[in-house]
Amino acid sequence: MAGRRRHRRGDLRQAQPPLSPAPEDPSPLEPATPREVAVAKRPSKKTCQASSSASTSSGTCSPDVWLDLLDCLLHQIIALISSSFSDLLAFSVTCRSWRAAFLSFPPTSSFDVPPLYLQPNIRYPPCNRSHASYSLLYNCEWQLTDPGKRSSSHCCSPPRNLPSRMEYLGYSYGHLILSNSDQCLLVDVFSGTTMRPPRLKFTGSNPNIYYGVLDGPINSSNSHLLLCSESSMFQWQVGSNSWLEHPVPVDMERIIQIVFLKGKLYTMDYIDGIHIIRLAPQLSVHEVEVDEEELSRGAAFRSLMDWLVVCDDMLLLVDLCMSIDKLPDLSVTFRVFSLDLSGVSARLTEVENLGNRAIFVSFDVRNAALSCTNPERWGGKSNHIYVATQSEDSDEPWTVVELGQLTRCETWRCLNFEDDQGERPENLWVLPSLVYDIGR
């Protein structure tokens, strides 16, 4: 970022108890591939009008009454349960007509449903520990937990007989992105199903792929997968048979995050530089000049880690920073800034309160940060940051920190900055691909 903190990031170690978690709910998640029930024949098009056949004199309802509920009524039900992924899943698999109503629900720019908490569990072969880092898909499974229904969990694993020497590149739109050099793999976090793009053909001098991101749901009509290496950015339109390769300028720092807002691609590099990138007709990079007036108010803080977050129509910068005033008793806190990109230079304005929103982050910045509105609907807390790691003195799987709250540097057991990003995924927040099907 021009004129901004050009430094390598700091380091933290260990942990403090989180705030109290949301209350438990005994309702479990449904299976990943539930059975779809048979459907009686009915009119193909329904409108929001009363029907004299919708009631019976006996006072009992036949199954057809539930199957033939009007779409407008079903949409009202979806709106009421939209804060629970478990309930949305159960609704979407009830029958074909309810599934159709689910897919036709008007899309929204943000979701009330909270992301699920993904905890990987990779069991390495005991006789071959020297290759453990390359055995990402060997005997692998992960657990998904709904923070609104703590007892609801779902275990998933990819199909067997997949390449084992895979490296983790990131998460995006309900999919883990994996690679073993020239072969990439997309794995649905909920169902475990995979998609295998065509093999890459390298022309640059450094073919090592280190980061991957989707620019939209894979079921959308014009979604792309982007892969980054030190020398190139590779672009694959989902469903096509080939890749496009865009050479990266030699003076451009390593990209660690990519987000998409209003048709534009925003990146953050290793030293916190923000860029706008255009891929057509050829790759062009515009560095965003940042007005540091607002940042100067935070002279008592040292930035440790940043995330770009798309929240409704806004682009936010979430900053984890260390309080210099508290030396030697080191403390950290989260600060949030909105980025106004309408002028010649970007203006940062500190957001003192997130209002009715919560933000979910992972300490592996390759994982997209997510936002959620109205978290109280599922037992969450507005104006809080949900951190995908445990605290030192608690068995809770994640930590909840209020925006601006000072926390000891020892709060988290393991803080994985991009310096130490490994080949396996750490704990992270995910929105399953089913959520992105709404309104499709």
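If you're wondering where the values come from, they're calculated on a predicted model, not measured in any experiment.
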Would you say the side-chain atoms of W243 pair up with the backbone N or O of P198, donor to acceptor, closer than 3.5 Å?
yes
Check whether Y117 reaches the backbone of P397 with its side chain - one donor and one acceptor, N or O, closer than 3.5 Å.
yes
Sidechain-backbone polar pair: T333 side chain, Q405 backbone, donor-acceptor under 3.5 Å:
yes
Any chance CG of N222 has more than 12 other-residue heavy atoms, nucleotides or ligands included, within less than 6.0 Å?
yes
I'd like to know if the side chain of N374 reaches the main chain of R377, judged simply by a donor and an acceptor atom lying under 3.5 Å from each other, with no hydrogens or angles considered.
no
Check for a donor-acceptor pair, side chain of E376 on one end and backbone N or O of S382 on the other, with a separation under 3.5 Å.
yes
Looking at N383 and L354, would you say the former's side chain and the latter's main chain have a donor-acceptor pair under 3.5 Å?
yes
Checking the side chain of Y171 only, and the main-chain atoms of W429 only, is there a donor and an acceptor separated by less than 3.5 Å?
no
Would you verify whether the NZ or CZ of R366 falls within 45 degrees of the ring axis of Y168 while also being under 6.0 Å from that six-membered ring's centre?
no
Between Y210 and I256 (side chain of the first, backbone of the second, donor and acceptor by atom type, cut-off under 3.5 Å), is there such a pair?
no
Is there a side-chain contact between L116 and H154, using heavy atoms and a 4.5 Å cut-off?
no
P197 backbone acceptor or donor facing Q183 side chain under 3.5 Å:
yes
